[in-house]
Amino acid sequence: MARQGGVVSLVVVLLLGACLPAPAAAGVLLSTLPKALAVTASPKPGQVLHSGVDKVTVTWSLNTTEPAGADAAYKSVQVRLCYAPVSQKDRGWRKSDDDLSKDKACQFKLTQQDYAAGARGSFEYTVARDIPTGSYYVRAYALDASGTQVAYGQTGPAAAFDVAGITGIHASIKVAAGVFSAFSVAALAFFFVVENRKKNK
């Protein structure tokens with residue numbers, strides 16, 4: 001009986017273990033990645049770009065301080081647009097995280113291209129119309145054959161530029177709203193004067 005009870009307990013433990021969710025796997029930590037890519041972006045610090053109009057040219061290459069063959073595992077480069085710290089403040093949905101699987105700062109993927117060893121890569125990006133107003137910098141990840149980040153480079157928050165997003169309210173709509181508001185106030189004043197004259201008669 002004791003042996004049967006032990007077998008039943010073992011089966012119950014195994015079934016419970018199979019039903020429980022597996023612990024979430026930690027993502028790659030930015031702090032563990034070598035800053036092996038030299039990244040530049042064409043906008044000057046503080047420059048204002050307009051969504052749907054202006055362009056950003058991004059370039060990347062292996063840092064000259066890296067030893068020969070350091071990029072042997074690099075198969076592709078992914079370039080992302082990241083919120084600068086000033087645009088993350090009090091906005092939890094934009095916060096950066098050392099765990100890249102939880103990072104919310106670099107939400108916008110600009111491009112992903114094959115990595116060419118010994119060559120400088122570049123990409124011209126027209127700021128998408130859905131990019132919100134804010135301050136941004138550019139980060140590039142070197143990915144291995146499995147698509148995992150193995151190195152990175154960035155322009156950094158100190159070189160952040162601004163994007164003026166599209167609000168959906170055109171200047172003509174604002175002018176029309178102003179005209180109608182002024183007209184309604186004038187009409188109200190006119191009818192008020194007319195009513196007062198009628199009462200005085």
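Numbering starts at 1 and runs along the sequence shown. Values in this document were obtained by computation on a predicted structure and should not be read as measured data.
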K.L.:
Which distance, rounded to the nearest 0.5 Å, do you find between the OG1 of Thr133 and the NE2 of His50?
P.N.:
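It is 9.5 Å, given to the nearest 0.5 Å.
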
K.L.:
After noting the C-alpha distance and the side-chain angles of Ser76 and Asp114, does the key distance pass the side chain to side chain donor-acceptor pair (under 3.5 Å) rule?
P.N.:
CA-CA 4 Å; Ser76 60; Asp114 291 339; 5.9 Å; no

K.L.:
Does a side-chain heavy-atom distance below 4.5 Å link Leu49 with Gln47?
P.N.:
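Yes, side chains in contact.
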
K.L.:
Examine distances only and state if a side-chain atom of Ser61 and a backbone atom of Arg120 form a donor-acceptor pair shorter than 3.5 Å.
P.N.:
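Not at all, since once roles are kept as given, no pair shorter than 3.5 Å links the two residues.
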
K.L.:
For Val58 and Thr40, run side chain to side chain contact (heavy atoms under 4.5 Å, CB included): C-alpha distance rounded to whole Å, both residues' side-chain angles, the deciding distance at 0.1 Å, then the answer.
P.N.:
CA-CA 6 Å; Val58 181; Thr40 65; over 6 Å; no

K.L.:
Going by distance alone, is a donor N or O of one side chain under 3.5 Å from an acceptor N or O of the other, for Asp162 and Ser135?
P.N.:
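On atom types as modelled, these side chains qualify, holding a pair under 3.5 Å.
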
K.L.:
Would you find a donor on one side and an acceptor on the other, under 3.5 Å apart, between the side chain of Thr59 and the backbone of Gly121?
P.N.:
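Flag not set: sc Thr59 to bb Gly121 has no pair under 3.5 Å.
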
K.L.:
Does a donor on one side chain and an acceptor on the other come within less than 3.5 Å for Ser101 and Asp99?
P.N.:
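Looking only at side-chain atoms, Asp99 and Ser101 do form a donor-acceptor pair, the distance falling under 3.5 Å.
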
K.L.:
Please answer whether the main-chain N or O of Ala105 pairs with a side-chain N or O of Ser96 as donor and acceptor at a distance below 3.5 Å.
P.N.:
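Not at all, since once roles are kept as given, no pair shorter than 3.5 Å links the two residues.
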
K.L.:
Can you measure from NZ (Lys104) to CD (Gln88) and round to the nearest 0.5 angstrom?
P.N.:
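Going from NZ on Lys104 over to CD on Gln88, the span is 11.0 Å.
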
K.L.:
Under a 3.5 Å distance rule, please check whether Asp98 uses its side chain to pair with a backbone N or O of Leu30 as donor and acceptor.
P.N.:
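Judged by distance alone, yes, a pair lies under 3.5 Å.
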
K.L.:
Can a donor-acceptor pair be found, under 3.5 Å and without considering hydrogens, that links the side chain of Arg139 to the backbone of Cys82?
P.N.:
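Flag not set: sc Arg139 to bb Cys82 has no pair under 3.5 Å.
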
K.L.:
Assess whether side chain to side chain contact (heavy atoms under 4.5 Å, CB included) is satisfied between Lys109 and Thr111, documenting all intermediate values.
P.N.:
CA-CA 6 Å; Lys109 179 180 173 181; Thr111 186; over 6 Å; no

K.L.:
Between Glu66 (side chain only) and Leu37 (backbone N and O only), is there a donor and an acceptor less than 3.5 Å apart?
P.N.:
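No; zero donor-acceptor contacts below 3.5 Å.
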
K.L.:
Quick check: does any side chain N or O of Arg80 sit under 3.5 Å from a backbone N or O of Cys106, one acting as donor and the other as acceptor?
P.N.:
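Yes; at least one donor-acceptor contact below 3.5 Å.
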
K.L.:
Please tell me whether Val28 and Tyr74 are part of a single hydrophobic cluster in this structure, the criterion being side-chain heavy atoms less than 4.5 Å apart.
P.N.:
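Val28 does not cluster with Tyr74.
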
K.L.:
Quick one, Gln149 with Leu33, criterion side chain to side chain contact (heavy atoms under 4.5 Å, CB included). Give me CA distance, side-chain angles, the key distance, then yes/no.
P.N.:
CA-CA 8 Å; Gln149 300 96 334; Leu33 296 180; 4.0 Å; yes

K.L.:
Just wondering, are more than 12 heavy atoms of other shown residues or ligands nearer than 6.0 Å to CZ in Arg91?
P.N.:
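More than 12 heavy atoms, drawn from other residues, nucleotides or ligands, come within 6.0 Å of this atom.
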
K.L.:
By ring pair (Phe, Tyr, Trp, His ring centres under 6.0 Å), which residues pair with Tyr125, not counting sequence neighbours?
P.N.:
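Residues passing ring pair (Phe, Tyr, Trp, His ring centres under 6.0 Å) with Tyr125: none at all.
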
K.L.:
Which atoms form the tightest heavy-atom contact between Val48 and Ala164, and what is the distance?
P.N.:
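What the structure gives for the nearest pair is CG1-CB, 4.1 Å.
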
K.L.:
Check whether Asp97 reaches the backbone of Lys102 with its side chain - one donor and one acceptor, N or O, closer than 3.5 Å.
P.N.:
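Flag not set: sc Asp97 to bb Lys102 has no pair under 3.5 Å.
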
K.L.:
Do Val138 and Phe161 have side chains that approach each other closer than 4.5 Å (heavy atoms only, starting at C-beta)?
P.N.:
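They are in side-chain contact.
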
K.L.:
What heavy-atom pair brings Gly165 and Ser51 nearest, and what distance separates the two atoms?
P.N.:
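Between these two residues, the closest heavy atoms are CA-OG, 3.4 Å.
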
K.L.:
Please check: side-chain N/O of Asn63 versus main-chain N/O of Thr65, any donor-acceptor pairing under 3.5 Å?
P.N.:
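Not a single qualifying donor-acceptor pair exists.
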
K.L.:
Going only through I, L, V, M, F, W and Y residues with side-chain contacts under 4.5 Å, is there a path from Ile166 to Val56?
P.N.:
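Each belongs to a different hydrophobic cluster.
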
K.L.:
How would you list, by chain and number, every residue that makes a salt bridge (charged side-chain N to carboxylate O under 4.0 Å, His left out) with Lys55, sequence neighbours excluded?
P.N.:
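For Lys55 the salt bridge (charged side-chain N to carboxylate O under 4.0 Å, His left out) partners, ignoring immediate neighbours, are Glu124.
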
K.L.:
Decide side chain to side chain contact (heavy atoms under 4.5 Å, CB included) for Trp60 and Gln113; before the verdict, give the C-alpha distance in whole Å, the side-chain angles of both, and the deciding distance to 0.1 Å.
P.N.:
CA-CA 11 Å; Trp60 60 88; Gln113 301 181 12; 3.7 Å; yes

K.L.:
To the nearest 0.5 Å, what is the distance between NZ (Lys75) and OG1 (Thr148)?
P.N.:
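Reported to 0.5 Å precision, the distance equals 13.5 Å.
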
K.L.:
Measuring from Thr126:OG1 to Asp54:CG, what's the distance to the nearest 0.5 Å?
P.N.:
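Going from OG1 on Thr126 over to CG on Asp54, the span is 9.0 Å.
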
K.L.:
Please, which pairs that meet ring pair (Phe, Tyr, Trp, His ring centres under 6.0 Å) have at least one residue in residues 134-153, sequence neighbours excluded?
P.N.:
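Output for this query lists Tyr83-Tyr136.
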
K.L.:
Test of understanding: clusters of I, L, V, M, F, W, Y form through side-chain heavy atoms closer than 4.5 Å, transitively. Do Leu81 and Leu143 belong to the same one?
P.N.:
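Different clusters.
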
K.L.:
Atom CG in Leu100, atom OG in Ser31: separation rounded to 0.5 Å?
P.N.:
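If we round to the nearest 0.5 Å, Leu100:CG and Ser31:OG are 9.0 Å apart.
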
K.L.:
Quick check for you: to the nearest 0.5 Å, what is the distance between Phe123 atom CZ and Thr57 atom OG1?
P.N.:
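Interatomic distance, Phe123 CZ to Thr57 OG1, rounded to 0.5 Å: 9.5 Å.
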
K.L.:
Please check if the side chain of Thr32 supplies one atom and the backbone of Leu29 the other of a donor-acceptor pair under 3.5 Å.
P.N.:
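Indeed, once roles are kept as given, a pair shorter than 3.5 Å links the two residues.
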
K.L.:
Restricting to non-hydrogen atoms, name the atom on Phe108 and the atom on Pro132 that form the minimum distance, rounded to 0.1 Å.
P.N.:
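Taking Phe108 first and Pro132 second, the nearest heavy atoms are CZ-CD, 3.7 Å.
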
